[in-house]
Amino acid sequence: MNIQRREILPDVFLTTLQTEKFKSDCLSVNLLTQLDRETVSKNALLPRVLARGSAAHPDMDAISAVCDELYGARIIPCVRKLGEILSVGFYAGFIADRFTPDGSRLLEPVARLVGELLLSPSTKGGLLRKEYVESEKEKLIDDIRARVNDKRSYAVDRLIEEMCAFENYGCDDLGSETYAAAVGYVELTRWYHDLLRTAPIELVYCGSADANRVAAALRDAFITLPRGEVDYELGTDIRMNAVESSPRCFDEALDVTQGKLCLGFRLGECMDEPDFAAIRVFNALYGGSVTSKLFMNVREKLSLCYYASSSCDSFKGIMLVSSGIEFDKLDEAKSEILAQLDAVRSGDFSDDDLESARKSVASDLRALTDSPGALESFFLAQTLKGLDYGPMELAALCEEVTREDVTAIAAGIELDAVYFLHGQDGADEEDCEDAED
């Protein structure tokens, strides 16, 4: 795979991942802005509204007709939370040129259509169409309300919201119902123009087209982009330590039959100069794989959880443990989850455990090369971290992670917050607090 990154317009950067491995290509347009609870709902709403139509193709029927002519190309509004940076834009997927029935070249017309949607939206009186804004706002609010339907992910979201209540990271990428309901079409139009002028823009292409051809197609598609003083003061506030001397505890009762116990940790001093390979291997060993300590001991051996896993966000420097438990197993489950972390700290794991973790992480990273979308997501994240190596190189680094690397990561981790979701007649807040002791 040939990887190139270049500036094609003022403060517009293109990463090209050239490969003939796939039958389809992908292209993403990412306007970068700071995650903030007062503006996140506007950012979540904006690409949905823009996707409704352009000046040349003013409604969804017209957009669908063009996509059908492009052999089923898909253009999806996309908002992604990367630490405390929000990516706002579009993701397009389309057939690689050599697989079109008549040899059509699709990159250029897809790029033009994406450029139309972003730069020449369907408007009325110079403003985004009120009916489009109101319609998409209702859908956004429905999506925000629907988060509670998946209790497992809802519990993790609630932990993040409470744990990072005074940090931008506590915002969901869809925002809140209150802020979403307050967005009007005039305000959204103003925000749209401000974002175009000030947001750094990252374009990512993965497919078989030559890098120069991709750059030319996207330069033509975005040549009318208005630019002002671009805001590069974007970043993530990484807190090394727990907020308070004792873990904070949060409790919520809903109509559920299975408890959801979630623990939030700060990764600590390792985030000063993060070793991303070591963090990945540590997580796989502790709770991020089917051979991890949480899975093998807390779930399988002790049967304290229906599921138990960990995940690390190396943008923010936090680790989250998610588990499903019986209401009366709160104390036991939490104690054992922490005991397994202590075991990793003390090096109480076998060489086979470490090797399994290394292989698991390396295998997952190499699997990213089987999907253009996965590669696009990986390289966007790498760009924001200031890194230039691919998943194969990172996989090789993971295979070199040592026992000392893993225990050093574990040694600095601090428990910051505990969230327990239980039934209406389940544990109360006092029970949850007792479980900290």
Side-chain angles (χ1 to χ4, degrees), residues 3-17 26-51 75-92 111 114-115 117-119 121 164 167-175 179 183 188-206 214-215 218-219 221-238 276 313-317 373 375-388:
I3 304 168
Q4 294 186 32
R5 185 169 186 267
R6 67 177 81 177
E7 186 176 14
I8 62 169
L9 289 168
D11 304 298
V12 179
F13 294 87
L14 167 65
T15 299
T16 305
L17 315 172
C26 75
L27 168 68
S28 72
V29 180
N30 306 277
L31 283 71
L32 306 179
T33 186
Q34 195 69 52
L35 179 66
D36 183 272
R37 67 186 70 252
E38 294 186 6
T39 60
V40 64
S41 290
K42 287 189 284 191
N43 285 316
L45 182 60
L46 181 58
R48 296 175 179 226
V49 173
L50 298 179
I75 300 177
I76 303 168
C78 188
V79 175
R80 288 179 276 190
K81 176 179 170 180
L82 302 157
E84 290 172 351
I85 297 174
L86 199 67
S87 166
V88 182
F90 296 103
Y91 177 93
V114 173
L117 292 173
L118 181 65
L119 301 178
C164 303
E167 303 162 68
N168 289 330
Y169 193 79
C171 304
D172 186 85
D173 56 8
L174 297 183
Y179 280 114
V183 179
L188 190 63
T189 302
R190 187 182 301 115
W191 181 253
Y192 159 69
H193 289 298
D194 287 345
L195 196 63
L196 286 184
R197 286 193 298 268
T198 63
I201 297 179
E202 290 289 340
L203 309 175
V204 183
Y205 167 83
C206 180
V214 177
L218 290 170
R219 192 179 296 112
F222 292 92
I223 194 66
T224 61
L225 176 71
R227 300 305 262 163
E229 185 176 348
V230 174
D231 181 13
Y232 277 106
E233 297 299 318
L234 305 177
T236 298
D237 175 22
I238 297 175
F276 296 108
D313 186 335
S314 55
F315 276 103
K316 179 64 176 172
L375 284 171
E376 180 274 336
S377 180
F378 178 86
F379 276 96
L380 175 61
Q382 290 290 89
T383 296
L384 297 188
K385 290 176 180 176
L387 305 174
D388 60 1

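Keep in mind that what you see is a predicted model, and the values were worked out from it rather than measured.
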Write down the atom of [X], the atom of [Y], and the distance for their closest heavy-atom approach.
| X | Y | value |
| --- | --- | --- |
| Val114 | Ala92 | CG2-CB, 4.2 Å |
| Ala111 | Leu27 | CA-CD2, 4.3 Å |
| Gly373 | Tyr91 | CA-OH, 3.3 Å |
| Ala215 | Ile8 | CB-CG2, 3.9 Å |
| Leu119 | Ala221 | CD1-O, 3.8 Å |

Taking side chain to side chain donor-acceptor pair (under 3.5 Å) as the test, write out the residues that go with Asp172, two or more places apart.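 Scan of Asp172 (side chain to side chain donor-acceptor pair (under 3.5 Å), adjacent residues dropped) gives Arg147.
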Non-neighbouring partners of Ser87 that pass side chain to side chain donor-acceptor pair (under 3.5 Å), sequence neighbours left out: Asn30
Heavy-atom side-chain contact between [X] and [Y] under 4.5 Å:
| X | Y | answer |
| --- | --- | --- |
| Leu9 | Ile201 | no |
| Val12 | Phe222 | no |
| Pro47 | Val79 | yes |

Euclidean distance, [Y] [atom2] relative to [X] [atom1], rounded to 0.5 Å:
| X | Y | atom1 | atom2 | result |
| --- | --- | --- | --- | --- |
| Leu14 | Glu7 | CG | CD | 11.0 Å |
| Leu50 | Leu188 | CG | CG | 7.5 Å |
| Leu234 | Leu82 | CG | CG | 11.5 Å |
| Arg6 | Thr16 | CZ | OG1 | 6.0 Å |
| Asp173 | Ser41 | CG | OG | 10.0 Å |
| Leu31 | Cys78 | CG | SG | 11.5 Å |

Say whether, by atom type as modelled, one donor and one acceptor occur between the side chain of Tyr192 and the main chain of Leu118 under 3.5 angstrom.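 Between the backbone of Leu118 and the side chain of Tyr192 there is a qualifying donor-acceptor contact (under 3.5 Å).
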Sort out for me which residue in Leu45, Asn168, Leu86 forms a side-chain contact (heavy atoms from CB on, under 4.5 Å) with Val40. Leu86
Do any pairs count as a side-chain hydrogen bond (donor to acceptor under 3.5 Å, both in side chains) and have a residue in residues 223-232, sequence neighbours left out, and if so which ones?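 side-chain hydrogen bond (donor to acceptor under 3.5 Å, both in side chains) check on residues 223-232 returns Asp11-Tyr232.
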Name all pairs fulfilling the salt bridge (charged side-chain N to carboxylate O under 4.0 Å, His left out) condition that reach into residues 76-86, sequence neighbours left out, sorted by first residue then second.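 As it turns out, the salt bridge (charged side-chain N to carboxylate O under 4.0 Å, His left out) pairs with a partner in residues 76-86, which skip direct neighbours, are Arg80-Glu376, Glu84-Lys316.
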Which residue pairs pass the salt bridge (charged side-chain N to carboxylate O under 4.0 Å, His left out) test with at least one member in residues 27-51, sequence neighbours excluded?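 Checked against salt bridge (charged side-chain N to carboxylate O under 4.0 Å, His left out) - neighbours excluded - the pairs reaching residues 27-51 are Lys42-Glu187, Arg48-Asp143.
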Before giving the answer on side-chain contact (heavy atoms from CB on, under 4.5 Å), spell out for Asn43 and Trp191 the whole-Å C-alpha distance, their side-chain angles and the decisive distance to 0.1 Å. CA-CA 9 Å; Asn43 285 316; Trp191 181 253; 2.8 Å; yes
Side-chain donor-acceptor contacts of residues 379-388 below 3.5 Å, not counting sequence neighbours, with atom names and distances?
residue, atom, partner, partner atom, Å
Gln382, NE2, Tyr389, O, 2.9
Thr383, OG1, Phe379, O, 2.9
Lys385, NZ, Ser314, OG, 2.9

Audit row: Thr236, Tyr169, side-chain contact (heavy atoms from CB on, under 4.5 Å) steps and yes/no: CA-CA 8 Å; Thr236 298; Tyr169 193 79; 5.5 Å; no
